[in-house]
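We're numbering straight along the sequence, starting at 1.
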Amino acid sequence: MTAPVFVVEHFASGPGGRYVVEGPEGRHAVSVKRLQPGEDVILTDGAGRWADCVVLGTEGKDRLIVRLDSYAEEPPEQPRITVVQALPKGDRGELAVETMTEVGVDAIVPWQAARCITQWKGDRGLKSLAKWRATAREAGKQSRRVRFPEVADLASTKQVAALLAQADFAAVLHSDFDYGSEPLATAELPAEGEIVLVVGPEGGVSSDELALFREAGARACVLGRSVLRTSTAGTAAAALLLGRTGRWD
C-alpha cells in the first residue's frame with residue numbers, strides 16, 4: 001500500500017524539517033487514519049509539488065507532526081487531456097468527476113448542453129461546482145495523485161467550441177451510428193499538446209451543437225458498439241486515450 005496523501009497549501013520547512021498538518025487534513029490523519037510514528041505520508045499542494053514524510057507524532061485530535069525527508073515536483077503530463085462533461089442528473093456528475101480523476105484526466109469542464117435536464121443556476125450552480133471541485137480533490141488524494149485535475153467554471157456551448165478550436169486533437173463522443181463517426185480507438189493522436197474530448201448529456205449532442213463543434217475542428221467519434229451513460233463515457237474514453245498515448249506505460 002502506498003503512503004496516504006494529504007493536501008497542504010505550502011511547505012514551510014526544508015528537507016529534514018518538522019511540519020505540522022492541521023485543520024481538516026490533520027483531523028483526518030489523526031482521528032480517522034490514526035497514523036502512528038514511523039509511518040510514511042505524502043504531502044502535496046495538488047499542483048504537482050510534493051514531499052515524502054515520516055510521522056513523528058500527534059497532538060490532540062487534529063495535529064499531525066511529520067518530518068519532511070525529500071521534495072519533488074511532478075511535471076505536467078503530455079499530452080494533456082481535458083474532458084468537457086455535460087451535466088448529468090443527480091449525483092452522477094460527482095461520479096464522473098471521481099472516476100475521471102482516478103484514471104488521470106488533467107482538466108474537467110462542466111458544460112450546460114442543450115439537452116441537459118440539470119441546470120446550474122444561482123446558488124445551486126455554485127454549490128454543484130463546489131461539489132465537483134471537492135470530489136476532484138478527494139479522488140486525487142485517494143488515487144495518490146499529486147497533481148489534481150482542474151475543474152473549470154461552467155461553460156456554454158460557444159465557450160466549448162472555442163476550447164475545441166485551440167486543441168491539438170478534439171473529439172465529440174457521438175452515438176448516432178448512422179452519422180459516420182470514426183472509432184476513437186483508431187484516431188491519430190498527438191504525442192504532446194492538448195486533447196479535448198466532449199461528452200454529451202443522456203439525450204445526446206444536438207445537431208446544432210455537433211455542427212458548431214465540427215466547425216471548430218472536432219471529430220465525431222464512437223467508443224464501440226454499446227452506448228455508455230454520460231457519467232461513464234468520459235472515464236472510458238479517457239482510459240482509452242491514456243493507454244494509446246503512452247501515459248499508462
Side-chain angles (χ1 to χ4, degrees), residues 77 79-120 128 131-132 135-136 139 142-143 149 151-152 155 157 160-161 163-164 167-190 194-249:
E77 297 271 15
R80 175 181 165 89
I81 297 177
T82 295
V83 176
V84 176
Q85 174 67 58
L87 304 181
K89 295 183 291 184
D91 61 358
R92 287 188 170 273
E94 286 94 89
L95 173 63
V97 171
E98 179 180 48
T99 53
M100 286 191 288
T101 299
E102 289 173 358
V103 298
V105 165
D106 301 294
I108 300 167
V109 180
W111 169 40
Q112 189 74 66
R115 293 176 179 168
C116 283
I117 295 175
T118 298
Q119 301 285 318
W120 280 10
S128 297
K131 283 184 179 180
W132 281 35
T135 299
Q142 181 65 37
S143 55
V151 179
T157 297
V160 172
L163 185 64
L164 295 172
D168 296 282
F169 174 86
V172 182
L173 295 185
H174 190 56
S175 58
D176 184 349
F177 297 103
D178 295 328
Y179 182 81
S181 301
E182 64 179 293
L184 186 63
T186 57
E188 186 175 351
L189 302 175
E194 183 88 20
I195 292 176
V196 180
L197 182 71
V198 177
V199 179
E202 296 292 350
V205 179
S206 73
S207 57
D208 288 345
E209 289 167 338
L210 185 59
L212 183 62
F213 294 162
R214 295 202 68 173
E215 184 180 343
R219 307 179 186 187
C221 292
V222 292
L223 278 174
R225 297 179 182 178
S226 60
V227 177
L228 301 180
R229 298 201 69 167
T230 184
S231 54
T232 54
T235 300
L240 174 63
L241 295 175
L242 287 159
R244 292 197 56 214
T245 57
R247 285 184 48 174
W248 273 7
D249 288 352

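- The minimum heavy-atom distance linking Val199 with Gly234 is given by the pair CG2-CA, 3.6 Å.
- By the 4.0 Å N-to-carboxylate-O rule, Glu182 lies close enough to Arg219 to be salt-bridged with it.
- Atom OG1 of Thr157 sits about 8.5 Å away from atom CD of Gln112, to the nearest 0.5 Å.
- Looking only at distances, no side-chain donor or acceptor of Glu209 sits under 3.5 Å from a matching main-chain atom of Ala113.
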Indicate every side-chain donor-acceptor pair of residues 93-103 with a distance under 3.5 Å to a residue at least two apart or in another chain.
| from | atom 1 | to | atom 2 | distance (Å) |
| --- | --- | --- | --- | --- |
| Thr99 | OG1 | Leu95 | O | 3.0 |
| Thr99 | OG1 | Ala96 | O | 3.3 |
| Thr99 | OG1 | Thr235 | OG1 | 2.6 |
| Thr101 | OG1 | Val97 | O | 2.7 |

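- Here Leu164 contributes atom CG and Leu197 contributes atom CG; the two are 9.5 Å apart, rounded to the nearest 0.5 Å.
- Shown here for Gly90 and Thr118, the closest heavy-atom pair between the two residues is N-OG1, 4.4 Å.
- Atoms CD and OG, on Gln119 and Ser128 in that order, are 11.0 Å from each other to the nearest 0.5 Å.
- With rounding to the nearest 0.5 angstrom, the CZ atom of Arg92 is 9.5 Å from the OG1 atom of Thr230.
- Applying the ring-ring contact (aromatic ring centres under 6.0 Å, His included) definition to pairs two or more places apart or across chains, those involving residues 196-230 are Trp111-Phe213.
- Panel note: side chain Arg80, backbone Ala107; no donor-acceptor pair is recorded below 3.5 Å.
- Here Ile195 contributes atom CD1 and Leu242 contributes atom CG; the two are 8.5 Å apart, rounded to the nearest 0.5 Å.
- Here the closest heavy-atom approach between residue Pro201 and residue Arg115 is recorded as CG-CB, 3.9 Å.
- The two atoms that bring Val222 and Ser181 nearest to each other are CG1-CB, 3.6 Å, heavy atoms only.
- Interatomic distance, Leu240 CG to Leu189 CG, rounded to the nearest 0.5 Å: 8.0 Å.
- Within a 6.0 Å radius of CD in Glu215, other residues, nucleotides and ligands contribute 12 heavy atoms or fewer.
- The shortest heavy-atom contact between Ala170 and Ala167 is CB-CB, 4.2 Å.
- In this structure, Val160 and Val196 have side chains that are not in contact, with every pair of non-hydrogen atoms separated by 4.5 Å or more.
- Residues meeting the side-chain hydrogen bond (donor to acceptor under 3.5 Å, both in side chains) test with Arg214, sequence neighbours left out: Tyr179.
- The minimum heavy-atom distance linking Pro79 with Arg247 is given by the pair O-NH1, 2.8 Å.
- Remark: the backbone N or O of Thr82 is not paired with any side-chain donor or acceptor of Asp106 at under 3.5 angstrom.
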